[in-house]
Amino acid sequence: MTATTATTATNAPGTAPGPPPSATAPAATALHAPVIEWFGRNARDLPWRRPEAGAWGVMVSEFMLQQTPVSRVLPVYEEWLRRWPRPADLAAEPPGEAVRAWGRLGYPRRALRLHSAAAAIAERHGGEVPTDHHQLLALPGIGEYTAAAVASFAYGQRHAVLDTNVRRVFARAVSGTEFPPNATTAAERKLARMLLPEEPATAARWAAATMELGALLCTARTPECGRCPLTDLCAWRQAGSPAHQGPPRRGQTYAGTDRQVRGKLLAVLREAAAPVDRAVLDRVWHEPEQRARALGGLISDGLAERLPDGRYRLPGTT
DNA sequence: TATGCGTGGAT
DNA sequence: TATCCAAGCAT
């Protein structure tokens with residue numbers, strides 16, 4: 001970990017092309033030091049934060065962490081980096097091996113995309129994770145958040161890293177609401193850019209620190225405001241911690257969906273040492289139509305393949 | 001912009 | 001037991 005110098009380049013007034021001055025800029029910089037100092041004292045020692053992780057380690061972790069808790073990612077991450085220490089190592093394997101090694105992290109299309117991204121890196125980027133935000137964005141499975149995260153955490157660049165944790169921290173500390181909007185808004189992106197420290201190294205530190213704050217203290221369920229470095233500055237606290245207003249968060253049931261059936265089918269293929277008969281897959285779900293739809297979906301997504309003899313397997317595996 | 005896409009722990 | 005939630009992306 002670098003020293004917790006809380007210094008922050010404040011927005012130099014006057015002069016030319018930089019970002020437009022904003023009324024919130026001075027107040028914004030007041031947030032930097034407390035959060036970054038808190039991070040220096042409380043940051044978790046996660047493997048992808050260690051220097052030896054490299055950009056590839058950061059990238060693998062970001063794929064795995066999309067919608068998946070840290071505790072479940074840890075063991076799978078270690079195994080992946082041991083097995084495939086460079087992008088080209090993963091690219092040399094059939095995609096089904098990536099899906100199998102993904103285990104039960106969920107959303108296995110991420111494994112496929114990570115495999116494809118590794119192949120693109122091996123072919124088009126000389127085997128090195130690109131440093132350029134736009135080149136990162138062009139890789140499969142990398143969207144706005146992941147591109148910014150890799151550029152920031154792996155390469156120390158200055159980007160607004162807007163994940164669910166940061167959005168919640170900003171919603172509370174700055175906007176004074178319990179939760180951010182359901183979908184990321186232009187206003188949130190603008191706010192994130194305004195709050196970004198000028199110095200790239202400080203901006204990268206800020207990005208990691210605000211994420212960690214959201215993950216450890218400013219949580220969705222029961223925030224620990226008593227331990228929060230922003231508790232005296234927090235707009236939501238100052239407003240009396242008003243409850244969320246508006247439509248309910250969301251409510252997608254899982255039981256009985258195609259997702260559940262896909263998950264059951266893929267679990268069979270993952271654990272099989274050889275291609276499996278259709279009859280084996282048929283046992284995972286009682287309803288034939290939904291079963292067929294789920295299996296067809298897996299195949300069209302590239303997560304499974306049907307052999308000429310009618311058996312099924314993870315793509316390219318034995 | 002709304003929806004589909006896994007999985008399992010916490011409350 | 002049911003619901004919420006976890007470092008999103010692609011379409």
Side-chain angles (χ1 to χ4, degrees), chain A residues 39 43-44 46-49 53 57-77 99 102-114 116-117 136-154 159-169 178-186 188 192 204 207-216 218-223 244 247-270 284 290 293-294 296-298 300-304:
Chain A
F39 185 61
R44 291 168 291 180
L46 300 171
W48 45 87
R49 286 179 177 165
V58 171
M59 181 171 150
V60 169
S61 77
E62 290 302 337
F63 270 75
M64 292 182 172
L65 288 163
Q66 291 168 3
Q67 302 284 279
T68 306
V70 167
S71 60
R72 285 178 38 216
V73 165
L74 282 169
V76 184
Y77 171 87
V99 174
W102 198 252
R104 306 185 70 79
L105 286 184
Y107 293 146
R109 294 193 291 197
R110 290 181 293 166
L112 235 35
R113 291 171 184 155
L114 182 51
S116 295
L136 286 166
L137 254 188
L139 295 173
I142 294 192
E144 190 60 44
Y145 161 75
T146 303
V150 172
S152 180
F153 302 152
H159 292 280
V161 179
L162 207 49
D163 80 321
T164 186
N165 290 305
V166 177
R167 294 181 63 217
R168 188 173 53 249
V169 168
E178 185 179 16
F179 297 116
N182 273 327
T184 306
T185 62
E188 287 181 277
T210 47
M211 282 181 65
E212 192 79 334
L213 186 62
L216 295 185
C218 194
T219 55
R221 207 75 70 95
T222 50
H244 180 70
R249 312 287 296 148
R250 52 177 171 274
Q252 40 146 11
T253 51
Y254 176 67
T257 62
D258 285 7
R259 277 153 91 167
Q260 184 186 23
V261 183
R262 287 168 57 110
K264 286 176 175 293
L265 290 169
L266 205 59
V268 171
L269 297 180
R270 253 194 333 256
V284 309
Q290 188 176 24
R293 186 171 63 240
L298 289 175
S300 66
D301 284 349
L303 285 164

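Each chain gets a letter, A, B and so on, in the order its sequence line appears, and its residues count up from 1.
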In whole Å, what is the span from the [atom1] atom of [X] to the [atom2] atom of [N]?
{"X": "Asn182(A)", "N": "dT1(B)", "atom1": "CG", "atom2": "P", "answer": "12 Å"}
{"X": "Met211(A)", "N": "dA6(C)", "atom1": "CE", "atom2": "P", "answer": "12 Å"}
{"X": "Phe179(A)", "N": "dC4(C)", "atom1": "CZ", "atom2": "P", "answer": "11 Å"}
{"X": "Arg168(A)", "N": "dC4(C)", "atom1": "CZ", "atom2": "C1'", "answer": "12 Å"}
{"X": "Asp301(A)", "N": "dT3(B)", "atom1": "CG", "atom2": "P", "answer": "19 Å"}
{"X": "Tyr107(A)", "N": "dA7(C)", "atom1": "OH", "atom2": "P", "answer": "13 Å"}
{"X": "Gln67(A)", "N": "dC5(B)", "atom1": "CD", "atom2": "P", "answer": "14 Å"}
{"X": "Leu213(A)", "N": "dA6(C)", "atom1": "CG", "atom2": "P", "answer": "14 Å"}

For Tyr145(A), check side-chain hydrogen bond (donor to acceptor under 3.5 Å, both in side chains) against everything at least two apart and list the hits.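 Per chain and number, Tyr145(A) pairs via side-chain hydrogen bond (donor to acceptor under 3.5 Å, both in side chains) with Glu62(A).
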
Mind checking side-chain hydrogen bond (donor to acceptor under 3.5 Å, both in side chains) for Thr164(A) and listing every partner two or more places apart, or none if nothing turns up? none

Arg104(A) side-chain proximity, nearest of dA7(C), dT7(B), dC5(B):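 The answer is dT7(B), which lies nearest to the side chain.
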
Side-chain-base donor-acceptor pair under 3.5 Å for Thr68(A) and dG6(B): yes

Does a distance-only test, which skips hydrogens and angles, find a donor-acceptor pair under 3.5 Å between the side chain of Arg259(A) and the base of dG4(B)?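 There is none.
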
Applying side-chain contact (heavy atoms from CB on, under 4.5 Å), name anything that partners Ala267(A), two or more places apart in sequence or on another chain.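 Expected list: Arg104(A), Arg270(A), Glu271(A).
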
Would you indicate what Trp102(A) reaches in the nucleic acid, counting non-hydrogen atoms under 4.0 angstrom: base, sugar-phosphate, or nothing? nothing

At under 4.0 Å between heavy atoms, what does Val161(A) touch on the DNA or RNA strands: base, sugar-phosphate, or nothing?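 Result for Val161(A) = nothing.
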
OP1, OP2 of dT7(B) versus side-chain N and O of Arg270(A): anything below 4.0 Å?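 For Arg270(A), the contact criterion (side-chain N or O under 4.0 Å from OP1 or OP2 of dT7(B)) is met.
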
Could you tell me whether the phosphate oxygens of dG6(B), OP1 or OP2, come under 4.0 Å of any side-chain nitrogen or oxygen in Tyr254(A)? no

Might you list the N or O atoms of the protein lying below 3.5 Å from N or O atoms in nucleotides 9-11 of chain C, with each pair's distance?
residue: dC9(C); atom: OP1; partner: Gly143(A); partner atom: N; Å: 2.9
residue: dC9(C); atom: OP1; partner: Thr146(A); partner atom: N; Å: 3.0
residue: dC9(C); atom: OP1; partner: Thr146(A); partner atom: OG1; Å: 2.6
residue: dA10(C); atom: OP1; partner: Gly141(A); partner atom: N; Å: 2.6

Distance check, P atoms only: dG8(B) and dC9(C), in whole angstrom units.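 So the two P atoms sit 23 Å from each other.
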
If you measure from the P atom in dA7(C) to the same atom in dC5(B), how many Å do you get, rounded?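 Between the two P atoms, the distance is 23 Å.
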
Quick check on DNA chain B: between Arg221(A) and Arg72(A), whose nearest nucleotide comes earlier from the 5' end?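 Closest to the 5' end, via its nearest nucleotide, is Arg72(A).
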
Most 5' of Asp258(A) and Ala183(A) on DNA chain B, judged by nearest nucleotide: Ala183(A)

Run the salt bridge (charged side-chain N to carboxylate O under 4.0 Å, His left out) test against Asp258(A) and tell me which residues pass, sequence neighbours left out. Arg293(A)

List the residues meeting salt bridge (charged side-chain N to carboxylate O under 4.0 Å, His left out) with Glu212(A), not counting sequence neighbours, and say none if there are none. Arg44(A), Arg49(A)

Please find the pair of heavy atoms, one from Tyr77(A) and one from Ala53(A), that lie closest to each other, and give the distance. OH-CB, 3.7 Å

Side chains of Thr68(A) and Arg110(A): donor-acceptor distance under 3.5 Å anywhere?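 Result is yes, a qualifying pair exists.
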
For the atom pair CG (Leu266(A)) and CG (Leu298(A)), what is the distance rounded to the nearest 0.5 Å?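 The CG atom of Leu266(A) sits 5.5 Å away from the CG atom of Leu298(A).
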
